[in-house]
Protein chains: 2
Amino acid sequence: MTTGTRRRLAPEVRRRQVLDAAIAVFSEEGLHGASMDAIAARAGVSKPSVYAHGGTKDELFAACLAREADRLMSSMTAAVLPDGSSGEDGAQQRLRRALRAFFRAVTTHRQGWTVLYRQASTGEFAGPVDAARRSIVIRAAELLAAELGGSVEAAEPIAHTLVGAAEGLADWWLGGDHAPGEQEPADLLADMLMAVVWPGLDALRRV
Amino acid sequence: MTTGTRRRLAPEVRRRQVLDAAIAVFSEEGLHGASMDAIAARAGVSKPSVYAHGGTKDELFAACLAREADRLMSSMTAAVLPDGSSGEDGAQQRLRRALRAFFRAVTTHRQGWTVLYRQASTGEFAGPVDAARRSIVIRAAELLAAELGGSVEAAEPIAHTLVGAAEGLADWWLGGDHAPGEQEPADLLADMLMAVVWPGLDALRRV
DNA sequence: CAACCTATCTACTCCTGCGTAAAGTAGCGA
DNA sequence: TCGCTACTTTACGCAGGAGTAGATAGGTTG
């Protein structure tokens with residue numbers, strides 16, 4: 001790994017490198033299992049450089065969480081907001097689009113998802129992370145309440161169920177290695193989840 | 001914490017005390033956050049005693065996982081196996097009973113569940129834990145395949161979805177504090193989950 | 001081409017916390 | 001009453017890893 005020549009890069013570029021390496025290592029080893037030395041090695045950089053660009057280990061971890069949470073949130077937000085097809089598109093369409101965006105983001109940046117979902121659920125970083133999660137759940141609850149009737153509070157447990165189901169399915173998909181199918185996997189996963197939950201949600205509407 | 005009188009107890013009893021204390025501390029602090037001193041203090045016992053009865057920190061943690069996983073597994077197994085009402089009871093009934101058992105176990109032993117679900121999902125203990133989880137998923141998949149038709153492999157993603165949904169709902173319930181309602185909360189949660197997913201599962205049967 | 005700024009590296013310090021050793025004390029059976 | 005031994009207190013060895021100080025060298029500007 002000794003390139004022999006040590007290169008000076010723009011701080012922004014180095015910071016990006018360090019963040020990427022940190023996410024990779026954190027996703028494999030967890031917050032405590034990862035050492036700053038390992039992150040430095042992965043980034044192809046010395047440890048003081050990691051401190052210079054990423055700060056303390058905790059700050060670095062927080063930065064990873066922030067970046068990945070932001071990425072995920074903005075993907076889903078972008079998918080739901082613009083009503084692409086003009087005219088009325090019901091809750092079913094919007095829900096499916098949100099799920100597709102979720103699965104696409106998760107399958108595309110699996111390391112980031114792993115850090116958010118498995119490594120940050122506990123400890124002092126639980127707060128920020130499930131703030132983001134909660135934000136997703138609230139959106140889902142609002143969508144459900146608007147379309148199925150009832151208050152947002154009443155829809156909250158259902159939204160948690162839905163989000164949990166999506167996480168479970170994503171986790172399964174990321175766990176095994178799957179042969180590349182003919183269709184985009186994310187869309188397939190979204191359709192599968194919709195097939196399971198939508199009839200039930202639809203039935204709740206006409207109670 | 002000095003009781004003044006120090007009591008001699010049977011090794012089995014002491015071991016139980018240590019395990020209970022360990023689960024309590026691990027559930028609050030996580031594997032790395034918990035110190036052996038803290039566990040000793042919680043158990044009302046000196047640190048060497050913890051080592052005498054619980055072994056190494058890792059061994060102790062593994063023992064906690066084993067006990068709680070076993071508790072959960074046997075609860076659910078017991079709930080599904082004996083067909084209480086004679087005669088045919090369909091997949092819907094068995095599924096509901098399994099879910100009730102799950103939610104009952106989780107709400108009853110929340111510390112144990114926390115250790116399994118949040119603290120052990122990463123690191124070197126991921127293996128044993130999601131072996132147990134996988135076992136539950138397989139059972140669910142078998143049940144679904146038997147009743148809805150199709151192979152077990154095809155039912156696997158659906159089973160993961162189902163288990164994820166249950167975990168999400170349980171996590172939500174354990175997160176907030178809820179006023180004691182008129183009905184057993186576990187049964188309420190199971191009914192809620194069934195309402196969401198069963199119509200979809202039922203629809204899959206007649207494809 | 002020389003001076004200089006600063007990104008980067010090598011090589012430390014220091015602290016936390018696991019795990020254990022040694023010596024003393026007190027419950028409980030004989 | 002005597003001892004066996006589970007248990008406690010206290011102190012320490014040791015490893016791993018976070019964070020830093022000082023040296024080094026890439027690039028840049030006059």
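Since the model is a prediction, treat every value here as computed from it, not as a measurement. Residue numbers begin at 1 in each chain, while the letters A, B, ... track the order of the sequences.
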Using a heavy-atom cut-off of under 4.0 Å over every strand shown, decide if [X] touches base, sugar-phosphate, or nothing.
X       : result
A:Ser35 : sugar-phosphate
A:Ala40 : nothing
B:Ala34 : sugar-phosphate

Nucleotide [N], atom [atom2] - distance to [atom1] of [X] in whole Å:
X       : N      : atom1 : atom2 : result
B:Asp37 : C:dC18 : CG    : P     : 6 Å
A:Gln17 : C:dA7  : CD    : P     : 15 Å
B:Met36 : D:dT8  : CE    : C1'   : 17 Å
A:His32 : C:dT16 : NE2   : C1'   : 13 Å
B:Phe61 : C:dG19 : CZ    : P     : 14 Å

Can a salt bridge be assigned to the pair B:Arg42 and B:Asp20 using a cut-off of 4.0 Å between side-chain N and carboxylate O? no
Measure the acute angle between the ring planes of B:His32 and A:His32, then classify it against the limits of 30° and 60° as parallel, tilted or perpendicular. parallel
Please work out whether the ring planes of A:His178 and A:Trp173 are parallel, tilted or perpendicular, with thresholds of 30° and 60°. parallel
Decide whether B:Arg14 and B:Gln17 meet the rule of one side-chain donor and one side-chain acceptor closer than 3.5 Å. yes
Within less than 4.0 Å of OP1 or OP2 of D:dC7, is there a side-chain N or O belonging to B:Arg14? yes
Start with the C-alpha distance between A:Phe103 and A:Trp113, add both sets of side-chain angles, then the distance that settles ring-ring contact (aromatic ring centres under 6.0 Å, His included), and finish with yes or no. CA-CA 10 Å; A:Phe103 285 116; A:Trp113 168 248; 9.3 Å; no
Mind listing the residues from residues 47-60 of chain A sitting with a heavy atom below 4.0 Å of DNA chain D? Number order is fine. A:Lys47, A:Pro48, A:Tyr51, A:Thr56, A:Lys57
With a 4.5 Å cut-off on side-chain heavy atoms, are B:Val80 and B:Arg139 touching? no
